Asker: 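Quick one: this structure, given as structure tokens, is what I'll be asking you about.
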Amino acid sequence: MQTAVIGHKDSDLPVILPMDADELDRWRKANPSRSYWCGLQLGGCGGELSDRRYTTKVCHFAHHPSAPVCHRKDNGESSADHLFIKRGLRSLLGKQGQRGTVETRNLGSGPGDAVDLHLPAARRKLRFQLSSLDYQSWRAANLALGDDLDEVDWLFGADGPLTEELLARNGYSLRFRLETVGGERRIHIGSRTDDEPAVRWVSLEDCRITQAGLLTSRTESVRASSRHPEPFAFPIEGGAVFALAPEASVPGDSPFATEGRRLAVADVRPLGSPVVRAVLSLPDDVETPLAQYVYRTAGPARLLVRDGADGWAVHLDGFVRLDANQAARTGLARALPEQPETKPVPAVRTTRQDPQRPPAPVMAPPVAAAGRPGQVRKGVTLTRDQAVVRVRELLRRAAPQGRKLLWPALAAQLGEPLVGMSERDRIDFLVEVDGPLWDTKPVLSVLLRDDSGLLPCLPAVLERLGVKGAGGLAADSSAVRAWAARERERAQALYAKPPRPVPDRLPFTQPARVLTKKQHRQVDASIRSIRHHKAKDDLTGAKVRSSTAEERQKVREASDRVERKMAVLGDAFPTSKQARRTLSRARLWLKFATPGAVIPPDPSKLAQQALRANSSDLLAELSRTAQEMMEVRARYW
């Protein structure tokens with residue numbers, strides 16, 4: 001074994017035996033009268049040890065031949081780290097004139113599981129965690145330690161989920177490591193901050209122990225700011241609609257109050273959920289919603305929760321006002337019938353001006369008016385979430401015409417945060433624009449260009465989104481160009497008015513074959529011929545199923561319900577191709593199932609399906625579409 005304690009079995013003075021024979025000789029001369037023990041605080045048997053000198057192998061401590069069997073688990077260099085940390089902290093307390101106690105802890109796996117430094121005057125404790133710990137165990141220990149304390153600081157020996165958790169909560173995280181120098185283990189403290197994610201190491205002797213805890217030069221400014229942990233945010237899929245409740249007041253001690261935002265109470269209906277009374281967190285520089293109107297969230301909506309605090313809040317960065325008809329469908333109708341709105345009114349940012357004069361709305365012009373790539377837009381600065389929503393909207397508008405947008409012009413038009421964005425940040429940004437990846441939704445990033453063609457980061461974006469086979473390809477490769485061309489076709493079809501059938505996505509796993517114009521014409525002619533002959537074959541024996549007036553009325557009512565749900569979703573929530581086909585098939589059935597209806601001589605495939613349908617099948621399909629459409633298709637927002 002390499003470690004022992006000096007003096008007696010209960011000693012907490014650790015030592016590491018030099019491994020080299022010459023170093024051991026010098027150690028013996030410098031410490032001629034010391035005795036070494038398999039200390040109880042090392043998990044040892046308490047027996048005396050002797051140092052063994054070897055020239056052909058590593059020097060080490062050994063029990064005497066007559067000693068009983070020792071069941072000590074750890075005997076390497078790190079087995080006495082808790083005692084070196086304990087000694088180092090005591091020394092630092094003495095040098096800096098601070099009052100405190102240092103104790104080692106056995107948390108179930110041995111006496112070296114942790115080291116606690118208690119600063120009673122500051123009601124603060126520092127825990128050096130040496131044994132492994134998961135989140136549940138850490139949370140329980142943190143609550144137990146904090147019962148009679150104001151603060152508990154944690155230091156871990158390695159990076160992991162818990163150091164990331166503390167970094168997210170506090171804005172910094174602390175680590176420790178020990179290095180062997182002769183017969184000592186030197187302690188180093190590492191720190192990370194939000195601004196500098198790389199760990200910076202300093203010697204324990206260069207740290208300061210104050211009433212604020214163990215400080216390095218890097219963490220002192222972060223602690224001095226007394227930052228409170230940000231609330232945890234969970235996305236609300238599909239967004240929400242809301243109407244303010246002016247009669248309700250926000251609690252004065254709300255844990256969700258923060259600088260730059262204001263709180264309001266509203267009746268909120270997340271998509272597909274009942275109405276709930278909730279606190280809204282709104283930006284200060286956005287006009288307050290009016291109580292007589294109903295609004296829909298614009299951009300991401302998130303549920304805020306603070307650890308250890310009661311209640312929750314809904315975080316919004318923007319919203320649009322619904323017209324009278326849309327508001328009535330939400331169940332929160334407060335819009336006046338005599339003052340209908342023809343289209344959503346965007347929330348506007350306010351500027352510092354005459355308080356008697358209402359602020360003018362600030363609307364971003366289209367990208368085509370962006371001007372030169374180097375000319376950065378002045379005025380309103382978008383948040384990152386707003387920029388994601390804005391870029392997504394611009395790409396959807398450009399898709400039906402097959403237009404391609406230049407990234408430099410887009411950055412110049414929108415300004416921050418696109419200006420000066422690094423390649424890594426651009427990849428993260430575009431992943432947010434196109435995420436999550438669905439087979440039915442095209443990747444809009446293929447519409448972006450720089451001066452040389454497709455964005456160089458496009459393959460990395462596709463790999464992050466989960467497109468198989470995109471990783472490692474170059475943006476100017478034939479495979480990527482062919483894949484992007486197919487995605488542009490898909491985007492043009494989906495966002496056209498009215499939408500057209502969306503072709504399948506081109507896989508990277510198969511070599512992409514680029515056809516000539518002549519070959520494309522031949523393929524199109526073959527497809528038309530096959531469809532024509534198939535339509536004639538399918539027409540053989542086609543008959544209209546008999547229907548009653550009651551059956552037609554039920555199908556008509558179900559179709560009306562689906563149409564109303566589509567109207568609630570609006571243009572901002574594109575519905576699925578399947579939902580539109582279901583509704584079209586129901587309309588055709590109503591047309592042909594009426595007694596005396598004239599059947600066309602060459603009906604379309606959809607009309608043939610309607611001719612063979614019955615009312616019970618249509619009702620089941622319409623009911624399923626009405627239930628799924630609001631939940632699944634709303635994710636296009």
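If you read the sequence from its start, that first residue is 1, and numbering goes on from there. Note that the coordinates shown come from a computational prediction; the quantities given were computed from them, not determined experimentally. Side-chain atoms are counted along with the backbone in the values below, which use heavy atoms only and exclude waters and symmetry mates.
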Asker: Between the side chains of S137 and D134, does any donor sit under 3.5 Å from an acceptor?
Answerer: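 Looking only at side-chain atoms, D134 and S137 do form a donor-acceptor pair, the distance falling under 3.5 Å.
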
Asker: Within the structure provided, determine whether L155 and L214 are in side-chain contact (heavy-atom separation under 4.5 Å).
Answerer: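 They are in contact (side-chain heavy atoms under 4.5 Å apart), so the answer is yes.
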
Asker: Do you know which of V433, V461, L395, L458 makes side-chain contact (heavy atoms from CB on, under 4.5 Å) with L448?
Answerer: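 Result: among V433, V461, L395, L458, L395 is the only option passing the side-chain contact (heavy atoms from CB on, under 4.5 Å) with L448.
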
Asker: Under 4.0 Å between a side-chain nitrogen and a carboxylate oxygen: does that hold for R396 and E393?
Answerer: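 Looking at R396 and E393, the cut-off is not met.
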
Asker: Within this structure, what is the CG-CZ distance for the pair L437 and R505, rounded to the nearest 0.5 Å?
Answerer: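 Result: 4.5 Å between the selected atoms.
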
Asker: Of the non-hydrogen atoms in P408 and D450, which two are nearest, and what is the gap between them?
Answerer: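 Nearest pair, atom of P408 first, then D450: CD-CA, 4.5 Å.
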
Asker: What heavy-atom pair brings V419 and A411 nearest, and what distance separates the two atoms?
Answerer: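 Heavy-atom minimum between the residues: CG2-O, 3.5 Å.
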
Asker: Between R486 and D504, is there a side-chain N and carboxylate O pair less than 4.0 Å apart?
Answerer: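 Result for this pair is no, no salt bridge flagged.
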
Asker: Just how far is it from atom CZ of R200 to atom OG1 of T193, taken to the nearest 0.5 Å?
Answerer: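 Nearest 0.5 Å value for the CZ-OG1 distance: 8.0 Å.
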
Asker: To the nearest 0.5 Å, how far apart are OG in S422 and CD1 in I427?
Answerer: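 Rounded to the nearest 0.5 Å, the OG-CD1 separation comes to 8.5 Å.
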
Asker: Which heavy atom of Q326 sits nearest to which heavy atom of T330, and what is that distance?
Answerer: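 What the structure gives for the nearest pair is O-CG2, 3.3 Å.
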
Asker: Can you classify the ring geometry of Y135 versus W138 as parallel (below 30°), tilted (30 to 60°) or perpendicular (above 60°)?
Answerer: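 Rings of Y135 and W138: tilted, as their planes differ by 30° to 60°.
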
Asker: So for atom CZ, which belongs to R186, do other residues, nucleotides or ligands contribute more than 12 heavy atoms lying within a distance under 6.0 Å?
Answerer: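 Atom CZ in R186 is not packed in, count stays at 12 or less.
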
Asker: Under a 4.5 Å cut-off applied to non-hydrogen side-chain atoms, are V391 and F429 in contact?
Answerer: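 They are in side-chain contact.
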
Asker: Less than 4.5 Å apart, any side-chain heavy atom of R449 and any of L454?
Answerer: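 Side chain of R449 against side chain of L454, heavy atoms only: contact under 4.5 Å found.
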
Asker: Return the CG to CH2 distance between L455 and W407, rounded to the nearest 0.5 Å.
Answerer: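 L455 atom CG to W407 atom CH2 measures 7.5 Å (nearest 0.5 Å).
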
Asker: Verify the distance criterion only: is there a donor paired with an acceptor across the side chains of Q129 and S131 at less than 3.5 Å?
Answerer: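 Yes, S131 and Q129 have a side-chain donor paired with an acceptor closer than 3.5 Å.
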
Asker: Taking ring pair (Phe, Tyr, Trp, His ring centres under 6.0 Å) as the definition, give me every residue that meets it alongside F176, ordered by chain and number, with sequence neighbours left out.
Answerer: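 With neighbours one apart ignored, the set is F128.
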
Asker: Using every non-hydrogen atom in the two residues, find where R488 and L447 come nearest and quote the distance to one decimal.
Answerer: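 Shortest heavy-atom contact: CG-CD2, 3.6 Å.
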
Asker: Closest approach of T383 and P417, non-hydrogen atoms and distance?
Answerer: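 Residues T383 and P417, closest heavy atoms: O-CD, 4.1 Å.
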
Asker: Measure the shortest side-chain to side-chain distance between D317 and R261 over non-hydrogen atoms and say whether it is less than 4.5 angstrom.
Answerer: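 A side-chain contact under 4.5 Å exists here.
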
Asker: Tell me, please, which residues at least two apart from A266 pass side-chain contact (heavy atoms from CB on, under 4.5 Å).
Answerer: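 Only F242, L244, V268, L280 meet the side-chain contact (heavy atoms from CB on, under 4.5 Å) criterion with A266.
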
Asker: So which atom in G239 and which in A301 form the shortest heavy-atom distance, rounded to 0.1 Å?
Answerer: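 Heavy atoms of G239 and A301 come nearest at CA-CB, 4.5 Å.
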
Asker: Rounded at 0.5 Å granularity, tell me how far CD1 in I189 sits from CH2 in W201.
Answerer: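 That separation rounds to 7.5 Å.
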
Asker: Starting at SG of C457, measure out to CG of D428 and round the result to the nearest 0.5 Å.
Answerer: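 Answer for the SG-CG pair, C457 versus D428, is 10.0 Å.
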
Asker: Would you call F156 and L166 a side-chain contact if the rule is heavy atoms closer than 4.5 Å?
Answerer: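 Side-chain contact under 4.5 Å: yes.
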
Asker: R175 versus R192: any side-chain heavy-atom pair under 4.5 Å?
Answerer: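 Counting from C-beta outward, R175 and R192 never come under 4.5 Å.
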
Asker: Is there a side-chain contact between P456 and E423 (heavy atoms, below 4.5 Å)?
Answerer: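 Side-chain contact under 4.5 Å: yes.
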
Asker: Got P442 and Y495 here, is their nearest side-chain heavy-atom distance under 4.5 Å?
Answerer: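 Yes, their side chains come closer than 4.5 Å.
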
